[in-house]
Every structure is written in C-alpha cells, then in structure tokens.
2 protein chains.
Amino acid sequence: MTDQHRGSVTLMDVAARAGVSLATASRALNGSNRRVGDALRQRVLDAATSLNYAPNAQAQAMARGKTNVVGLVVHDIADPYFSSIAAGVMEAAEGHEVLVTLASTLRRPEREIDYVVALRGQRSRAVILAGSRIDDDDAAEALRREVENFEDSGGTVVAITQKQLPVDTVVIENRAGARDLAGALVELGYRRFAVLAASDALLTARDRMHGFREGLRSHGVELGSDDVVYGPFTRDGGYEAMRGLLSRADELDCVFAVNDVMAVGAMAACREHGVRVPDDLGLAGFDDISTLRDVNPALTTVRLPLETVGATAFDLVLTSDSRERIRTRRIKGEVVLRQSTRTLNP
Amino acid sequence: MTDQHRGSVTLMDVAARAGVSLATASRALNGSNRRVGDALRQRVLDAATSLNYAPNAQAQAMARGKTNVVGLVVHDIADPYFSSIAAGVMEAAEGHEVLVTLASTLRRPEREIDYVVALRGQRSRAVILAGSRIDDDDAAEALRREVENFEDSGGTVVAITQKQLPVDTVVIENRAGARDLAGALVELGYRRFAVLAASDALLTARDRMHGFREGLRSHGVELGSDDVVYGPFTRDGGYEAMRGLLSRADELDCVFAVNDVMAVGAMAACREHGVRVPDDLGLAGFDDISTLRDVNPALTTVRLPLETVGATAFDLVLTSDSRERIRTRRIKGEVVLRQSTRTLNP
DNA sequence: GGCACGCTGGAATGCGTGTTCCACGATAAC
DNA sequence: GTTATCGTGGAACACGCATTCCAGCGTGCC
C-alpha cells in the first residue's frame, strides 16, 4: 500500500466509500434513465470528488459500445492551411463532449490509411479526412476500401476536398475561385499570364490551375503550354518555379501561384532578381493564409474561410445519418485584390 | 443480417473462422509469451485479414491496463509556434506505436485542466503540456494538483516551458536568447530601445522582456518604464502596441517585439505611418516562425528550433522513469540578424 | 385489508481482449 | 513399459463500467 499506489481509483472505490453499490454509484454520476435519491447521490458525488475519481473512458466506451472520439487526419499540421482547418474543427467540437484526435500523415498516403485503421481500432465515432487526395489509383482504392470498413463497423466518415470518396464531403470551390480570380485579373488589364502549378496529382492544385485557365479563356485569354511551370506545393517550390520563369519575365504581365505559400516563395525570387511586384509583374496566390497577410506587397489572393471549412466538417459529423444520402457542403472563395497586383493602363 | 451489419468484427469472429479458441487467436496475433504452431497461426492471420479485423483498442487497453495514447495540450493550434511544436512531437512519435491526441485550449487555462482530466480518463500514457503558463496562482495550483493526480494514476507528464511544474521539462531559453539579441542589437549601434511586451502573466513574454532588459543593461543601456508597451500576444496586439508608440517614434532607434507575430503587426503599423524599417527604425522579433520568414524587410529575430522542442518532449515521454529525479532539457535560441535591422553609424 | 403499482437499491451479466490455469498428447529418459 | 517433461490448445477469469433483472418497500386504489 505504501510503495506502488498504482492503479487509478475506480467506480468501485467510489461506491465503497459512499457505502452504496456499483449500480447506484454509476447512476448517481451519469444521471441515466433512473433517478437516485438526493441524499445518496450527494454522498456518491462527494466520495467521487474527494477521491479525484475520473471514470475510465475505455471501460465506459466498451460498456456503452460507442466512443466520443473524432479523428482528424491532415497532411501536415505545420502547414497553416491545415492548422486553420484543425482549429475550426476543434472550436466547433467545443462543448459537444467530444475528444478530437489529430493525426498528421506527413503527406504520405499510406499513412492516411494506417491512421484510419488505427481510428477504427479505437472505435472512433467519426473520421474527418482533410486534404487534397493524391491521385494515385492504388492508394485511392485502398483508402476507399478502408473507409468502407470504417463505416461498416459503425463509424461515420467526412471528407474535405476528397471528392472521389462516397461520403459526406465539404467541397472547397477551388475551380470557381480560380476562375473568378482570373476574371478579376483580366479586368485589371493583365493579359500575359503564367501559372506556378504543383504536381498534377494533387487535385486541389490541378483544380485551381484548370479553373484559372477556364477563367482566362472565357475572357478571351489563352495560356500557352510554356506558361505553366510545375513545382512542389511549398514555399520553396514556388521559389524554384519562379526562378525558372524569370528569364522571360519581360514577356509576362502577371503570375498566379496555386497557393499563397508558393506565391510568397515566388515573391522572394522576384525580389532577389530585381523584379518589382507589382510594378514589373503582378502576383497572385490562393487561400489567404492569415499569417501571410503581412507580406509586402500584400498578396492578391482568393480568401478561403478555412475555420468554417473545419466547422462545417464537424457539423456533418454531428448530423450524420446513415440512412440519408451523401451530402455535400460547398464553400466558396472570395477574390481579394491587394497590392501585389495593380490596375494596368496599357 | 442484411440491414444493420453494425458491430465490428471481434477476436471471437476471427477465432471462429479459423476454428480455434480465443486464446489461441490472441496469441497468434500478438505473438505474446507463448508460441503457437505455424500452421494454426497462419490460419488465424488469414482469417483476420480476410475479415478486416482491427483489434478493439479500448478492450486491449483495458485488458492490458495501459494505453499507448499520448496527449498534447497546446494553447492554439492555429498559431504557428504551437503547430511547429506539434509537428515535432508527431514526427518523433512516428514508428513508436503511439497515438498522439491533440487538444487546443484556446488560451483558456481552465480548459487545460479539463483536458488533463479527460486524458486521465482515457488512461493516457502521457501528457505533454505545451505553452506558456498563465501566471494565475489559483489556476496554477489547480493544474499542479491535477498533474499530481495524473501521475498518481500511472501516467507521465512532460512540460514545455512551464517551469513551475514538478515534472520533466523542456526549457526554452527565452531569457538568454533575448539577452543575446539585446547584445547583438547594441553592437549594431542601437541605443534607444522600446519593447512591445505581452501580458506579464505570460511567462514566456515576461522572460523575453526581462532578458532583453538584462542584455541591454549589461551593455550599459537602460530601458525606461515608458519604453515598454503591453498588448496581446498576437499580430493585432503588436499592431496596436506599435501604434501607441509611433507618436514618439523619432525618439527611438529600435523596437523589440517579444515574438514574431507581434513584430509583423508592428511592421504593418510602421508601414502605414510612413516609418521605414530599418531606415527610420530597427525592428526585431523572436521565434523565427518559418511562415513569416518572407516578410519584407526580413525580420531580425531569435531562431528557436521548435520541431526539436517537440521531439525532445516526446523523447522525455519515452524515456520517462518515475524513480528518476526531474529532468530538464534546455533548448537554446540563436540570434539571426536580417534586414529589419542594420548597422548604425551614429 | 389486500393487491397492484411505482420507486429505489443491489446482484448479476456483458462488452472484447489478455492472461493464467489446466488438460491432453507426444516425446524422451530411465 | 512407465513416468517426467515439454509443447500446445482450450476454458475461465479479470479489467471497469453500463445496464438489465430482481427484490423490497411504501402508497393508493378498490
């Protein structure tokens, strides 16, 4: 008794101290379907607090047959895009007696599947899959199967952006946003564009690129094949891609990077090479990441309400109903013109 | 059988399909102390995969009496400071058969305590408390008590920065870093300083402020009481605090903001009021947040290896040993001089 | 006054798994 | 040929809790 005081205090300890049975103690603490006398209940509550009783969530989950754990799987928690979504999910979960578990796949698709399996092992109530799906058929098929397993075992799955999964999905309107942005830039007077794109396998990046091209086309502007440069979906990817473009910078009016961090990298490359933004070249991004709102010149971009995206995903989890057909919630982006582009008077 | 196929597949299902008993199935899957014949084991493994068996982690945890869940409690996951630490923890956890649960307190101390209780309920193996402790005696005492409960029930607690808790701690040398920064700035020729500080209740902010003052003093420079302005620990806090300082900007050489996001806000305020950085005023921050590395002019700051901080915390969890006395791991910052300060020739 | 009924508390069961204890067959040692 | 030993598989129990079933008791109704 003196050495290892291991082993937490259990409901039985509480019951013994209050001089009641397990059943009564449980009923007093959870206030379940049946009432327990006020005097006894108070005795149990006092015993619990004086013993610092914390119910064993594992045992509760097993006895009840369900958990209140929601898993959130993102690609990279250090990326402000995903951390904003995560913040939105967690804020929405506040007050709903739910424990949010966050997993970061470090951009490896097979980890994503592993995490869904692990969360199924936890008997999680739900999984939220955030992030642009890699367009690898094998991995996509494996994920689809595991999602099915997860749902078969009683959980609900919600996706963000992953349009190809047959589950409730929060769709970010990347294509429409990029289209709107293209239109706004053409109206400013820009005509000769280039795009810093990311791997075509990333659906988000691809949608933005295609949307941008469509937007230009509907205004009578065409994008040449040389005008699309590919690089990783990161700051350094934008930097390198922009460097490849600088040799012919004088042929260009404006560069669109498919996300803000790439745009910031591109801006750094421009600065290093004496290309002034926006005087020599316009520059636009996508996302409106709040920590990047203070770069100078301020970035023209498409604002995405990422916290709302997370909150919406959580709402889909709460209101999930397996009898209902698949639901889709669309989140629109909004073009924000700032100092990295200007009105052109040709 | 057709409608609700609820209820996951259990170990019993696997055993039945393989034609063995529960015990044998368990032994075959976990490879525990005793061996099971190769033929039978293969039968069990095949049954498991063909049924998509995922062991119920709750039940395992209860049977084993311990979990492999590690809880990470941060103040705000959308803050890059914390998301970098979180990324470090998760990367370190990779391959250690551990599930990391992330909780975000939204900067409310009572939520921090709630989460520790919840994690105790989960019978988590460990909790990592990240973030500058609010200097509220009542809350600190309550947290200390709850940490004690957590350890009594068999878990380990690791703190980041929270020096006042009697647990293994990763200490970020805020004071020394700020001291070094002050020295470097004085050597550049700056003499008339101001500090954008945050609430004194935040130990991190206070340490940086005090360290900066000490560094100045050791170089014969004093900081007047008017020269310290307080604001929230955020971008907008820095913006507002700087605005309050701009009326007397011509009396100043250099402004130190106690973290990068405040410095970025301050830079925006300067820009709006035509104060040029670094020509009219030097500006320095703290943290070297990577997403802020591209502001222009680039920020002089103190680089903290935040991923290393997270990884170190996780290492303390893994190597924890209750018999050992409290360990402390110190993480040093490194002064990085960039374009937001310059050499002064008075 | 007897009986049905509502209310409260206790004993027992089940959740899914790990593990201990026991039984059984085979082999080796004498 | 008999026994000790080892290897392997099955039955039973424990983990901590929710919940169902059952017993006792007081009250109201006929």
Side-chain angles (χ1 to χ4, degrees), chain A residues 6-45 47-48 51-69 97 118 120-125 153-154, chain B residues 6-45 47-48 51-68 97 118 120-124 153-154:
Chain A
R6 288 277 164 151
S8 333
V9 357
T10 79
L11 183 57
M12 210 163 55
D13 299 334
V14 175
R17 185 175 234 262
V20 300
S21 77
L22 256 68
T24 306
S26 172
R27 288 194 273 249
L29 291 173
N30 298 318
S32 70
N33 41 19
R34 274 187 24 191
R35 288 190 57 84
V36 43
D38 285 348
L40 267 196
R41 184 177 50 204
Q42 198 52 48
R43 274 233 305 277
V44 173
L45 261 52
L51 287 175
N52 285 319
Y53 172 66
N56 185 327
Q58 321 274 353
Q60 282 187 324
M62 208 167 53
R64 292 195 178 117
K66 64 181 179 180
T67 343
N68 61 342
V69 173
E97 300 280 332
R120 178 158 65 101
Q122 291 278 335
R123 300 296 185 269
S124 296
R125 171 169 164 187
S153 76
Chain B
R6 290 276 163 151
S8 333
V9 3
T10 78
L11 183 57
M12 209 162 56
D13 299 334
V14 176
R17 184 174 234 263
V20 299
S21 76
L22 259 67
T24 306
S26 173
R27 288 194 274 250
L29 291 173
N30 298 319
S32 70
N33 40 21
R34 277 196 9 201
R35 290 188 56 86
V36 45
D38 285 347
L40 266 196
R41 184 177 48 204
Q42 199 51 50
R43 275 233 305 279
V44 173
L45 261 51
L51 287 174
N52 285 318
Y53 172 66
N56 185 326
Q58 320 275 353
Q60 283 188 324
M62 208 168 53
R64 292 193 178 120
K66 64 181 177 182
T67 344
N68 61 345
E97 300 280 330
R120 177 158 65 101
Q122 292 279 335
R123 298 299 184 268
S124 297
S153 74

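Not measured: the values here are computed from a predicted model. Residue numbers begin at 1 in each chain, while the letters A, B, ... track the order of the sequences.
- The distance from the CG atom of B/Leu22 to the CZ atom of B/Arg27 is 10.5 Å, given to the nearest 0.5 Å.
- Residues B/Leu29 and B/Leu45 approach most closely at CD2-CD1, 3.8 Å, considering heavy atoms.
- Heavy-atom minimum distance, B/Ala15 versus B/Ala25: CB-CB, 3.9 Å.
- Separating the CG atom of B/Asp38 from the C1' atom of D/dT8 is a distance of 12 Å, rounded to the nearest angstrom.
- The side chain of B/Asn30 contributes an N or O atom lying less than 4.0 Å from OP1 or OP2 of C/dG18.
- At whole-Å resolution of the value, CG in B/Leu11 and P in C/dG18 are 6 Å apart.
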Between side-chain atoms of residues 59-68 of chain B and protein atoms elsewhere (two or more places apart, or another chain), which donor-acceptor pairs fall under 3.5 Å?
unit_1	atom_1	unit_2	atom_2	d
B/Thr67	OG1	B/Arg123	O	2.3
B/Asn68	ND2	B/Glu97	O	2.9

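- Summarising the geometry, the separation between CD on B/Gln58 and P on C/dG18 is reported as 13 Å, rounded to the nearest angstrom.
- When the side-chain nitrogen and oxygen atoms of A/Tyr53 are compared with OP1 and OP2 of D/dC17, one or more of them lie within a distance under 4.0 Å.
- With hydrogens and angles disregarded, no donor-acceptor distance shorter than 3.5 Å links the side chain of A/Arg41 to the backbone of A/Ala28.
- Across the protein-nucleic acid pair, A/Asn56 atom CG and C/dC15 atom P stand 18 Å apart, rounded to whole Å.
- In this model, the phosphate group of D/dG16 is not approached by any side-chain N or O of A/Thr10 to a distance below 4.0 Å at OP1 or OP2.
- Nucleotide C/dG16 holds its P atom 9 Å from the CG atom of B/Asp13, rounded to whole Å.
- In this entry the distance linking CZ of B/Arg120 with P of D/dG16 reads 14 Å, nearest Å.
- Closest of all the heavy-atom pairs between A/Ala57 and B/Gln122 is CB-NE2, 3.7 Å.
- Residues B/Thr10 and B/Asn56 form no side-chain contact, since every pair of their non-hydrogen atoms from C-beta on lies 4.5 Å or further apart.
- Contacts between residues 59-69 of chain A and DNA chain C, counted as heavy-atom distances below 4.0 Å, involve A/Met62, A/Ala63.
- Listed here is the closest heavy atom pair of B/Leu11 and B/Tyr53: N-CE1, 3.5 Å.
- Rounded to the nearest 0.5 Å, atoms CG (B/Asp13) and OG (B/Ser8) are 9.5 Å apart.
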Nucleotides 8-11 of chain C: which of its N/O atoms have a protein N/O under 3.5 Å away?
unit_1	atom_1	unit_2	atom_2	d
C/dG9	OP2	A/Gly37	N	3.1
C/dG9	N7	A/Arg34	NH2	2.3
C/dG9	O6	A/Arg34	NH1	2.8
C/dG9	O6	A/Arg34	NH2	2.9
C/dG10	OP2	A/Ser21	N	3.0
C/dG10	OP2	A/Ser21	OG	3.1
C/dG10	OP2	A/Thr24	OG1	2.6
C/dG10	N7	A/Arg27	NH2	3.1
C/dG10	O6	A/Arg27	NH2	3.2

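- Between the C1' atom of C/dT19 and the CG atom of B/Leu29 lies a distance of 15 Å, rounded to the nearest Å.
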